[in-house]
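For reference, the structure is listed below as structure tokens.
The first residue of the sequence shown is numbered 1, and numbering continues consecutively from there. Counting starts at 1 for both ligands and their atoms, in listed order.
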Amino acid sequence: MTNARALHWMLVSLLIVALGGCATQEKRSDTDDRIPVTSLDDLPRHTYPIAGSATEMLQSEPDMMMLAAAVKADIHDVLDKYRIEDNTTLRRYHGVLLTIAMIEGDDDTALKKVIYLRSLEDKEAARLLAGLLTEAMITARREAGADDARYQQLVGAHLKTRLAEMPWDVVGDDIEQSKGRAEIMSRNLVMGIVSTRLDPVVEQLGGEVSADIAWQLIGMYYSLNHVMPLKPVLVQTYGDIVAAHRVEKADIWAARDVELPATEPCTPVVVAIWDSGVDTDIFTGQLWRNANERPDGADDDDNGYVDDIHGIAYDLQSDPTPQLLHPLDEMHHDAGRAAGHMKGFMDLQAAIDSPEAMGVKQALGQLNPQDVQPFIEDLMLYGNYSHGTHVAGIAAAGNPFIRMLVARLTFDYRMIPQKPTMELAHKGAAAAQATIDYFNRHGVRVVNMSWGTDRASLEGALEANGVKDAEERAELARQMYKVQRDGLYAAMKGAPDILFVTSAGNSDNDVQFDEMIPSGFDLPNLLVVGAVDQAGDPTDFTSFGKTVEVYANGFEVDSYVPGGKRMKFSGTSMSSPNVVNLAAKILAIDPTLRPTEVIELIRAGADRRAGDPPMLLINPARTIELVKK
Ligand SMILES: [Ca+2]
Ligand SMILES: [Ca+2]
């Protein structure tokens, strides 16, 4: 499916260095006559002129101040005119206003925004941590002035005081990630992203960019000039706090885990790993096998797929290919290096001082702007290459009765993604239908879908490919999205005997407001899964919304990467296959159950996590007990 995104969160946090901050609807009077907004698509598109290249713009204070003023005026306009019933979107708008207030030195507005942003946070850890750095920076510059030699030390001291008061079991994961993010902050990295990702786009667009890009520029400007100079003191402060509090959180999952002994009287269950591809060599004995196909370069069973012995694959253009694992021939450097960097990034996020974490810090330190594109693309390509295998390992653990059928779809790893077209949208929808038809023909009972797409990313990809008119981009994206959404929805609905399990996504957003598919679908044979950590606490990245029914472990989950080594990945991509793992075991014990009955057993066995927000955490041991009754 073209423009689908692997739900990988590592790169998102890499790129978004500064557009942080968060905020609740400012109280209005009861006679609110603003236009209600229930979807991101209902909001107006603003555009902004860019003088010269994005690189030049970022280095010109007067130009950036003008851009910030124009963006601020438009956001105020939107907030006056529309009643936005989505905290994530409100957080984005007010977060940009906070950044602009900081750039403008408007401390009073910035402090008000911090308080407001906290009230918009749905997650406890985020509510506690939102705006702490901003407050520390403002307090420090009121005491000493930002140019004073004492300023940096004062920021560190104020931040440390505030962090020390926080309950570590609630905010620990987030602070460890803050340390990791501080460590990878680099001017060259940001400037490299600007020159390879934004400069060509701005040129193609003729100097008129969307609010999306304008906001990115403002965030980068703030990061470069206000946050990055604090890097040493931030690394030190977060590091001290982590070192002082570090206790491994209790792991609640081992006690809930179930292993099916090979001797049990169970039935083999066909489970599809619909993902970026799988290294099948790792899973001997746990693979589905097409008895009518041989590895001879021919389509022996005449079903339209050459050599589909363990499954099928589609490339980026949604054309069939026999390669069940994403090829690596487009790597700029060798794959081993990218694998090391991937592990290094994951370790940095977890505040683990491994040799790989050291390696990635060194590599980033030496990175010139022209090296940024190959560096990031190799990492993204390795991410796509390894994603499906990692997911498969989680789905298959402890189950000798699983028979995995691989269905590969392809995600773009390039900084400027393939241009979306109507033709590709139709091909993607047809490939989705053909894939689900294949599942139906071969007795698939459960499908893992750790991916998703949305309308806004199509709009962004059109802008990245130089489609100039904002309204035209919006309309084209709407049409292509409709083709993909309707196609996928119809195909899933048409397979009511298959249980589909999908990840909520890693954007900390409401999946329906943002029109995410498939996680925004409401179907009786679909289960949407969010991510918690090893202790069952919500992760800062997990998306939510009323279609998200259960939560499972999606934080630093250990599984295979191609070749058979193991690595810890985080994301709702990892929580979804934990639920598939359970569903496959349920069906191995009782193959007569229908998808809705499997969902009901998963829900009935789950633990209700009290607190804010309340969540259902899967409990495989209890659910399996219920099945055996
Ligand atoms: Ca075939
Ligand atoms: Ca063949």
**Prompt:** Just checking, is any N or O donor in the side chain of Asp522 or Thr547 under 3.5 Å from an acceptor N or O on the other one?
**Reply:** no
**Asked** Between Gln317 and Lys427, do the side chains contain an N or O donor and an N or O acceptor separated by less than 3.5 Å?
**Response** no
**Asked** Just wondering, is there an N, O or S atom on Arg294 that's nearer than 3.0 Å to the Ca ion (ligand 2)?
**Response** yes
**Message:** To make sure I understand the geometry: which N, O or S atom in Asp296 is closest to the Ca ion (ligand 2)?
**Reply:** OD1
**Prompt:** Parallel, tilted or perpendicular: which fits the ring planes of Phe555 and Phe541, with parallel below 30° and perpendicular above 60°?
**Reply:** parallel
Identify every side-chain donor-acceptor pair in residues 333-342 under 3.5 Å, counting partners at least two apart or on other chains, and give the distances.
{"unit_1": "Asp334", "atom_1": "OD2", "unit_2": "Gly336", "atom_2": "N", "d": "3.0"}
{"unit_1": "Asp334", "atom_1": "OD2", "unit_2": "Arg337", "atom_2": "N", "d": "3.2"}

**Message:** Taking side chain to side chain donor-acceptor pair (under 3.5 Å) as the definition, give me every residue that meets it alongside Asp497, ordered by chain and number, with sequence neighbours left out.
**Reply:** Arg594
**Request:** Have a look around the Ca ion (ligand 1) and list protein N/O/S atoms under 3.0 Å, or say none.
**Result:** Glu293 OE1, Asp299 OD1, Asp301 OD1, Asn303 OD1, Tyr305 O, Asp308 OD1
**Item:** Check ion pair Arg622-Glu625 (N to O, under 4.0 angstrom)
**Value:** no
**Heteroatom test (N, O or S) for Ile309 near the Ca ion (ligand 2), limit 3.0 Å** = no
**Prompt:** salt bridge (charged side-chain N to carboxylate O under 4.0 Å, His left out) with Lys568: which residues, sequence neighbours excluded?
**Reply:** none
